[in-house]
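Read through the structure below, which is laid out as structure tokens, and then see the notes.
In listed order, ligands and their atoms are each counted from 1.
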Amino acid sequence: MMYFTKKIMDLASSAESRLKDVFDKIEYTAQQNQYRVMRAYSENRVSYSHFFGSTGYGYNDRGREVFDRIVADVFGAPAAIARHNFVSGTHALTVALFSVLRPSDTLLSVTGKPYDTLDQVIGISGDDGGSLREFGVIYRQLDLRDNGIDYDALEKELLSAPKVIFAQRSRGYSQRLPLSVEQMNTLYAFVKEHSPGSLVIIDNCYGEFVLEAEPTADLLVGSFIKNPGGGLADTGGYIAGSEKCVSLAANRLTSPGTGSEVGPTLDQTRRLFQGFFMAPHTVAQALKTAAFAAAVLSECGICVSPGVSDRRLDIVQSIHFGDRAKLIAFCEGIQAGSPIDSNAVPVPWDMPGYDSPVIMAAGTFTQGASIELSADAPIREPYTLYLQGGLTYESGKYGILTALSRII
Ligand SMILES: *Cc1c(COP(=O)(O)O)cnc(C)c1O
């Protein structure tokens with residue numbers, strides 16, 4: 001049975017033969033990360049009895065405590081709160097920022113403008129519906145220089161000891177390159193050397209399990225409907241870091257005095273445990289899907305970033321179509337090649353917070369889960385699509401080939 005034309009299948013096999021080494025590397029990293037996860041599960045003695053969640057206040061919920069511990073151990077942090085009570089990555093980042101920033105403190109972003117959903121949290125856009133700005137927090141920003149942190153400018157900024165140094169690891173939906181874990185750790189060491197009182201907060205979204213370690217930070221933040229949820233978590237997020245900072249974050253998530261000691265897990269614990277267990281493998285599937293997209297599209301003369309054999313630092317694949325119609329057709333194909341809502345046709349719409357219409361394809365089991373194959377693009381020059389996810393390489397490849405069929 002032929003599901004795609006011979007031309008498409010030939011492109012696919014030629015791409016896959018180019019990708020052997022790339023796939024080997026991705027699988028090697030997944031294995032290393034899986035070792036680390038397995039050790040944490042065994043050392044923390046995860047047991048079936050941990051899966052029966054709590055209700056009400058959620059006092060003495062052993063499963064919750066063990067899961068917090070596992071996330072801390074795997075991410076190399078002294079402490080963590082890893083909960084379904086975080087609605088999203090944006091919520092976890094909001095809790096992290098509000099937990100340590102106080103009136104007249106400075107928040108300095110060193111990787112340019114943070115992810116769009118943080119505009120209103122910080123108050124960059126000027127509206128004050130409870131933003132940090134409304135509480136008197138000063139926001140400053142340094143843009144990246146030569147794809148890295150501008151250390152000359154940062155050294156000057158650190159003279160006034162800003163309270164928080166904020167860095168985003170992934171490219172997010174921008175043209176910049178992601179930063180590696182080594183780059184993030186260099187930043188952490190530099191900040192501690194020049195301004196020991198400053199705290200480093202890292203937006204780790206889309207970066208988890210892509211490399212063999214996670215960055216060191218006072219607060220490391222991410223979402224469970226992306227990489228670390230392994231495609232199984234229904235919702236949630238995590239904040240990992242120093243004991244002191246994580247305790248402040250827990251006080252902000254619940255309330256001062258209860259902190260991490262409360263929080264009913266309902267029936268979510270097993271899915272979080274199982275999702276985090278799956279995550280190294282699932283991230284590898286997403287990375288292979290992204291590399292496959294890069295290979296077939298570059299073979300068709302379309303410019304992609306990262307390139308086929310570039311070192312991948314997050315799960316996002318940028319595709320520069322340079323053509324409105326092709327971009328939209330490809331995006332429609334991603335939707336058509338999804339397991340859910342494959343009959344829906346995505347249309348560009350004026351999303352709040354964006355200055356041009358945005359098109360999004362996401363036929364996902366979990367609403368908005370971008371560890372599942374999904375694609376987003378602002379409809380403007382240079383017509384760049386951001387593609388990420390894929391729960392299995394086989395289904396990711398199916399999605400990419402369906403989309404490819406729409407443009408050739
Ligand atoms: C997804 C993402 C966020 C926000 O997470 P949501 O779960 O969508 O709220 C923040 N930063 C980066 C880099 C992201 O990729």
Side-chain angles (χ1 to χ4, degrees), residues 82-98 107 109-122 124-125 131-132 141 144 164 166-181 183-184 187 200-211 214-215 217 219-231 233-240 253 272 275 279 282-283 286-287 290 312-318 351-354 358 360-362 364-378 384-390:
R83 309 286 174 95
H84 79 270
N85 313 81
F86 290 113
V87 175
S88 62
T90 304
H91 182 207
L93 285 160
T94 301
V95 168
L97 291 168
F98 274 91
L107 163 64
S109 169
V110 295
T111 48
K113 195 176 87 58
Y115 196 73
D116 285 314
T117 57
L118 293 179
D119 282 11
Q120 290 182 54
V121 176
I122 297 169
I124 294 177
S125 35
S131 68
L132 287 165
Q141 166 182 321
L144 291 174
V164 168
F166 181 86
Q168 178 183 308
R169 181 174 166 191
S170 161
R171 71 181 63 212
Y173 300 127
S174 71
Q175 309 273 5
R176 60 165 271 212
L177 293 178
L179 295 178
S180 68
V181 170
Q183 280 172 299
M184 303 255 91
L187 168 69
V200 175
I201 301 186
I202 293 179
D203 175 353
N204 204 31
C205 286
Y206 285 147
E208 299 92 347
F209 297 120
V210 171
L211 300 171
E214 302 304 323
L219 290 172
L220 183 71
V221 187
S223 159
F224 280 124
I225 62 167
K226 294 183 178 174
N227 306 20
D234 285 329
T235 183
Y238 70 87
I239 298 178
L253 173 64
L272 285 174
T282 308
V283 169
L287 288 169
R312 285 179 186 272
L313 302 172
D314 63 13
I315 64 165
V316 182
Q317 179 66 52
S318 326
M351 228 176 108
Y354 290 82
V358 176
M360 293 183 166
T364 58
F365 289 92
T366 298
Q367 189 190 94
S370 44
I371 187 61
E372 302 186 44
L373 186 64
S374 46
D376 312 69
T384 297
L385 181 77
Y386 298 94
L387 176 99
Q388 66 277 314

(message) Looking only at side-chain N and O atoms, does Gln120 offer a donor or acceptor that is under 3.5 Å from a partner on Ser131?
(response) no
(message) Checking Ser370 against Tyr206: is there a side-chain donor and acceptor pair closer than 3.5 Å?
(response) yes
(message) Checking the side chain of Gln168 only, and the main-chain atoms of Tyr115 only, is there a donor and an acceptor separated by less than 3.5 Å?
(response) yes
Under 4.0 Å to a heavy atom of [X] - the qualifying atoms of ligand 1, by number:
X	answer
Tyr206	15 (O)
Ser88	6 (P), 7 (O), 9 (O)
Thr90	4 (C), 5 (O), 6 (P), 9 (O)
Gly89	5 (O), 6 (P), 7 (O), 9 (O)

(message) Going by the rule side chain to side chain contact (heavy atoms under 4.5 Å, CB included), which residues pair with Ile124 if we only count those two or more places apart in sequence or in a different chain?
(response) Lys113, Pro114, Asp119, Ile122, Tyr139
(message) Restricting to side chain to side chain contact (heavy atoms under 4.5 Å, CB included), what partner residues turn up for Thr235, sequence neighbours left out?
(response) His84
(request) Specify whether Phe224 and Tyr238 have parallel, tilted or perpendicular ring planes, treating 30° as the upper limit for parallel and 60° as the lower limit for perpendicular. (result) tilted
(request) Answer yes or no: does an N/O atom from Leu93 fall short of 3.5 Å to an N/O atom of ligand 1? (result) no
(message) Regarding Arg169 and Glu214, does a basic nitrogen lie under 4.0 Å from an acidic carboxylate oxygen?
(response) yes
With a 4.0 Å heavy-atom cut-off (strictly under), which part of [X] contacts ligand 1: side chain, backbone, both or neither?
X	value
Gln168	side chain
His91	neither
Asp203	side chain

(request) Identify, for atom 1 (C) of ligand 1, the protein heavy atom at the shortest distance, and state residue, atom and that distance. (result) Lys226 NZ, 1.2 Å
(request) Run down the list Tyr173, Tyr115, Tyr386 and name the one with the heavy atom closest to atom 10 (C) of ligand 1. (result) Tyr115
